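The shown structure was predicted, so the numbers you read here are calculated from the model rather than taken from an experiment.
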Amino acid sequence: MHLTPDILAFLVTMALLAGTIDAMAGGGGLISLPALMAAGIPPVSAIATNKLASACGTGSALFTYARAGHVDFRRFALPACGAFAGAAAGATTLQFMNPSFLTAFVPILLILMGLYFLLAPKMSEADRHARIGPAGLTLIVTGIGFYDGFFGPGTGSFFTTVLVALAGLGLVRAIGNTKFLNLSTNLAGLLAMIAGGKLLWGLGIAMALANMAGNQIGARLAIRYGGRGVRPLLVLLSAALTVKLLADPANPIWRWF
């Protein structure tokens, strides 16, 4: 697929911004995925290309959080395996979906994710007692993994919310361990998409480099300052890109009305 220099520059910039926000609060896919679709890339290829950028960026952020001592690989190894299996199943399911349905369905999911980020309660910075055991946590994480393989945006925030509310982690540690879980889901989804031949490699690599740079910036900001003030910006940018998708008269969603 041919992309003009200005569109490529736009997508790389969105990947940089998405990586920065994702490392601080999760939800970077709410920026990069609608940006890809707004550039005219088919939904499955957009999700596949976004997976490559997200996987590289998440791995970069994970390294930074792990070096700072905020990741417990042993405790979350089993949930990470569940997340991998769920994402592989979700990504495989996605490739059998009707492209027209996905083009109409994705803006609806983006709106729902934007509302979640807007209305979700503030999370605690301090560690607390866990409210759920490893088996229950793994089951929940596997379900979130399926969602990530099928769609993706908001997954990091879902993981972080579960780790704070149920696993008893403080916000920064929850975000760090979220990167471990999210890397598992991104890799599973990416492998399934590569097997299905859906990935746009050139664009994906360019966005991956930008996303990695953004994640490095965001991880350092989050470790030092937390993720305060990021969500309103995320919701605003996501809403603007979603409106652009819905403004296209060719979007199949308008056939429903």
Side-chain angles (χ1 to χ4, degrees), residues 1-4 7-8 10-11 14-15 18 27-55 82-117 141-158 182 184-205 207-208 237-257:
M1 181 178 183
H2 177 72
L3 295 174
T4 60
I7 292 178
L8 180 60
F10 165 72
L11 291 175
M14 290 299 100
L30 284 170
I31 296 173
S32 53
L33 180 58
L36 282 161
M37 292 186 64
I41 295 171
V44 176
S45 292
I47 291 173
T49 304
N50 189 57
K51 280 280 179 279
L52 176 59
S54 297
F84 185 95
T92 302
T93 302
L94 172 68
Q95 296 179 65
F96 291 95
M97 301 292 292
N98 185 304
S100 295
F101 173 77
L102 286 173
T103 302
F105 187 55
V106 166
I108 296 174
L109 284 177
L110 289 168
I111 291 170
L112 292 176
M113 292 305 99
L115 289 173
Y116 167 80
F117 273 85
V141 164
T142 300
I144 297 174
F146 182 90
Y147 164 80
D148 190 38
F150 185 85
F151 183 52
T155 299
S157 182
F158 294 158
N182 215 167
S184 296
T185 61
N186 281 332
L187 288 176
L190 178 60
L191 290 173
M193 293 292 186
I194 291 174
K198 304 298 183 182
L199 184 60
L200 303 179
W201 282 100
L203 176 60
I205 290 171
M207 292 184 68
L237 288 171
S238 175
L241 290 166
T242 303
V243 167
K244 180 173 176 57
L245 288 177
L246 291 174
D248 183 0
N251 192 308
I253 195 172
W254 300 120
R255 300 174 190 169
W256 301 352
F257 299 94

Minimal heavy-atom distance between T185 and G145, with the atoms involved, is CG2-CA, 3.8 Å
For I31 and A18, the nearest pair of non-hydrogen atoms, with its separation, is CB-CB, 4.2 Å
Acceptor/donor pairs from residues 188-204 side chains to any protein atom, 3.5 angstrom cut, sequence neighbours excluded:
none

For A39 and I7, the nearest pair of non-hydrogen atoms, with its separation, is CB-CG2, 3.8 Å
Output for pair (L94 CG, I47 CD1), nearest 0.5 Å, gives 4.5 Å
Q. Are L36 and M14 close enough, and set up right, to give a side-chain contact (heavy atoms from CB on, under 4.5 Å), and what steps lead you there?
A. CA-CA 9 Å; L36 282 161; M14 290 299 100; over 6 Å; no
Point to revise | Heavy-atom check, side chain of F158 versus side chain of D148, under 4.5 Å | key: no
S54 meets the side-chain contact (heavy atoms from CB on, under 4.5 Å) criterion, sequence neighbours left out, with N50, N186
Please work out whether the ring planes of F150 and F146 are parallel, tilted or perpendicular, with thresholds of 30° and 60°.
parallel
Of all heavy-atom pairs linking G152 and K51, the shortest is CA-NZ, 4.0 Å
